[in-house]
Structures are given as C-alpha cells and as structure tokens.
Amino acid sequence: MSIELIALDMDGTLLNSKEEVSAANRQAINKVRERGVEVVLSTGRHIMTSREYAKELNLSSYLITVNGSEIWTTKGELIDRQLIDLDSIKKLVELNEKYQTIAWITSAENVWRGKLPADLESHKWLKFGFNTDNQEMKDRILEELQDNEFLELSNSSPTNIEINAVGINKARALEKVCSRMGITLDKVMAMGDSLNDIKMIEEAGLGIAMGNAQEKVKEAADWVTNTNEEDGVARAIEHWLL
C-alpha cells in the first residue's frame with residue numbers, strides 16, 4: 001500500500017489524557033516524515049488550540065480544524081472556511097435553552113463554553129456543540145436535529161453532539177487538502193476515535209481506529225490500533241509504514 005499522507009485526529013488519538021504528544025508518537029511521526037510521508041492534523045479543535053501542536057511536531061503541510069470548517073497551512077494561512085448560517089445558530093441556541101445542556105459555540109475568532117454570547121449576529125460561526133451525560137436528553141436533541149437539512153451531526157466523545165454546516169466534515173476537508181497536494185484519498189492513512197472521524201476513516205485508503213474509539217468507529221475502520229494512552233498512533237505507523 002502506497003501511503004503519502006497521514007491524517008491524525010488529535011483528542012483521543014494523537015494526544016493522551018494530559019493533552020500531550022507522547023515521545024513514541026513523536027518519534028514515529030518524525031521517522032515516517034523522513035521517508036517522505038506528510039502528516040496533517042485533522043481535528044475538531046479551533047486553530048487557536050491546535051497550531052502549537054503542529055509547530056511542536058515541526059509539520060509543514062496543513063491543519064484541518066473545527067471538523068473541516070477551516071483549512072490552514074502550518075504557516076498560518078487560511079485556505080478554506082465554511083460557516084453555519086445565522087438562523088441555524090439561533091435555533092441551536094434556543095434548543096440549548098430548552099434542554100439546558102452544557103453548550104459551546106465556535107466562531108472564526110473564539111470559542112465560548114457554558115455562557116454563550118448574546119450578539120450572535122456579530123460573529124462568523126463554525127460549529128455548535130451540546131454536552132450531556134444524560135442519554136435520554138441527548139437522544140431527544142438528536143431527534144429534533146435529524147431532519148435539519150442544513151446541519152451535519154457528529155460527536156467528539158460519547159457525551160456530546162457536534163454540529164457543523166451540512167457537507168462539512170473531515171473527509172471533505174481532507175479531499176481538498178489532497179487536491180492541493182496532488183494526491184488522492186486512497187493514498188491517505190486516517191486515524192481517529194469518534195464519530196467526527198468516521199467519514200475520513202471510511203474514505204481514506206487505510207482507516208485506523210484507536211483502541212479507545214467508539215464502537216461505530218472501530219466497525220468503520222480497516223484496522224484497530226492501541227489506545228491513545230498506549231501510543232496507538234506510533235503503533236499504527238510502525239505496523240503499516242515503517
């Protein structure tokens with residue numbers, strides 16, 4: 001299998017519970033890059049909380065952020081941005097007020113958690129999130145959202161719901177990155193642990209689920225590696241590419 005690009009989710013995948021890149025993961029990434037395989041971070045995080053990791057790993061390609069709503073170069077140039085329309089954001093805020101979850105909302109400039117901004121019209125919105133450990137409440141929210149044709153639903157943990165504009169996901173952003181690099185998705189190894197990773201895992205040439213991944217992600221993957229606490233990224237790179 002000829003892999004030219006690795007797409008890595010961050011939380012629950014590249015990072016351990018201390019939000020650190022382990023020495024083993026770093027070493028494996030360095031080795032595979034020396035062989036000409038590039039690495040892209042593909043995360044639900046905002047650019048503000050992901051770019052330092054790209055710098056730490058000395059990456060020199062792209063960052064897919066906010067589940068694909070934005071694509072950046074590692075030099076800080078914005079390549080692509082896809083927004084959620086204001087009416088949808090207002091409806092999501094109303095839904096949060098109805099169910100009183102712990103919500104967060106991501107704009108191009110900032111992330112708000114818990115207390116949401118009142119001036120919704122003043123921002124460019126990228127993502128909305130609900131968090132609750134009450135499964136019945138989560139199911140009710142999903143039921144209200146499932147027929148909304150303007151929204152893309154996923155999660156980054158079993159207790160949350162993440163919402164982007166329809167058609168926005170890591171796979172579509174990865175496709176755009178591949179186009180800029182002159183390769184196709186079948187030359188990509190994609191790795192992740194949550195529902196926001198499924199589409200890129202399914203569409204990549206080689207899809208890897210973490211040992212700590214949600215079951216649906218494992219079912220979608222070609223192979224399951226170690227957990228994020230056990231250097232799962234390093235194990236997958238060593239097994240398939242080194």
Find out if a path of hydrophobic residues (ILVMFWY) with successive side-chain heavy-atom gaps under 4.5 Å connects I3 to M200.
no
What do the steps show when you test E152 against K199 for salt bridge (Lys or Arg N to Asp or Glu O under 4.0 Å), and what is the final call?
CA-CA 12 Å; E152 181 107 358; K199 288 184 177 179; 2.6 Å; yes
Sequence neighbours excluded, which residues qualify as side-chain hydrogen bond (donor to acceptor under 3.5 Å, both in side chains) partners of Q214?
N155, S194
Keeping D9 on the side-chain end and T43 on the backbone end, is there a donor-acceptor pair under 3.5 Å?
no
Which pair of heavy atoms, one from I71 and one from A173, lies closest together, and at what distance?
CD1-O, 3.6 Å
Distance from I89 atom CD1 to I84 atom CD1, nearest 0.5 Å?
4.0 Å
Just wondering, more than 12 heavy atoms not from E143 lying within 6.0 Å of its CD?
no
Around atom CD1 of I102, are there more than 12 heavy atoms from other residues, nucleotides or ligands closer than 6.0 Å?
no
Would you check, one step at a time, whether the test salt bridge (Lys or Arg N to Asp or Glu O under 4.0 Å) holds for E52 with K55?
CA-CA 5 Å; E52 291 306 315; K55 289 180 182 178; 3.7 Å; yes
Is there any ring-ring contact (aromatic ring centres under 6.0 Å, His included) pair reaching into residues 114-160, and which pairs are they, with sequence neighbours excluded?
W112-H123, W112-W125, H123-W125, F128-F130
Tell me whether K138 at atom NZ has more than 12 heavy atoms from other residues, nucleotides or ligands lying less than 6.0 Å away.
yes
Can you give me the closest heavy-atom contact between A221 and I208, atom names plus distance?
CB-C, 4.1 Å
Do L195 and M191 belong to the same hydrophobic cluster, where Ile, Leu, Val, Met, Phe, Trp and Tyr are linked whenever their side-chain heavy atoms lie under 4.5 Å apart, directly or via other members?
no
With sequence neighbours left out, the residues meeting salt bridge (Lys or Arg N to Asp or Glu O under 4.0 Å) with R235 are none
Partner residues of E238 under the salt bridge (Lys or Arg N to Asp or Glu O under 4.0 Å) criterion, sequence neighbours left out:
none
Does one side chain, of S22 or D231, offer a donor that lies under 3.5 Å from an acceptor on the other?
yes
L206 with L241, same ILVMFWY side-chain cluster at under 4.5 Å
yes
So, for L242 and A28, which heavy atoms are closest and what is the spacing to 0.1 Å?
CD1-O, 4.2 Å
Using the ring of each side chain (for Trp, its six-membered ring), is H239 parallel, tilted or perpendicular to W223, with breaks at 30° and 60°?
parallel
K91, NZ: over 12 other non-hydrogen atoms inside 6.0 angstrom
no
Is atom NZ of K176 surrounded by more than 12 heavy atoms (other residues, nucleotides or ligands) closer than 6.0 Å?
yes
Identified side-chain hydrogen bond (donor to acceptor under 3.5 Å, both in side chains) counterpart of T159 within the set T132, N131, T101, D133
N131
Please find the pair of heavy atoms, one from N25 and one from G232, that lie closest to each other, and give the distance.
OD1-N, 4.3 Å
With a 4.5 Å cut-off on side-chain heavy-atom distances among I, L, V, M, F, W and Y, is there a chain of contacts connecting V177 to W72?
no
Grouping I, L, V, M, F, W and Y whenever their side-chain heavy atoms are under 4.5 Å apart, do I79 and V66 come out in a common cluster?
no
Report the C-alpha distance between E144 and Y99 in whole Å, list the side-chain angles of each, state the deciding distance to 0.1 Å, and finish with yes or no for side chain to side chain donor-acceptor pair (under 3.5 Å).
CA-CA 11 Å; E144 293 209 33; Y99 288 103; 2.6 Å; yes
Sequence neighbours excluded, which residues qualify as salt bridge (Lys or Arg N to Asp or Glu O under 4.0 Å) partners of K127?
E162
Donor-acceptor check, side chain of N96 to backbone of L92, threshold 3.5 angstrom: yes or no?
no
Heavy-atom closest pair, residues K187 and S2
CD-O, 3.2 Å
Could you tell me which residues satisfy salt bridge (Lys or Arg N to Asp or Glu O under 4.0 Å) with E109, sequence neighbours excluded, listed by chain and number?
none
side-chain contact (heavy atoms from CB on, under 4.5 Å) test vs L41 passes for just one of I64, L14, I6, namely L14
With no hydrogens and no angle check, do the side chains of S60 and R33 hold a donor and an acceptor under 3.5 Å apart?
yes
May I ask you to check whether over 12 heavy atoms, not counting those of Q146, lie within 6.0 Å of atom CD?
yes
Between N164 and N67, is any side-chain donor less than 3.5 angstrom from a side-chain acceptor?
yes
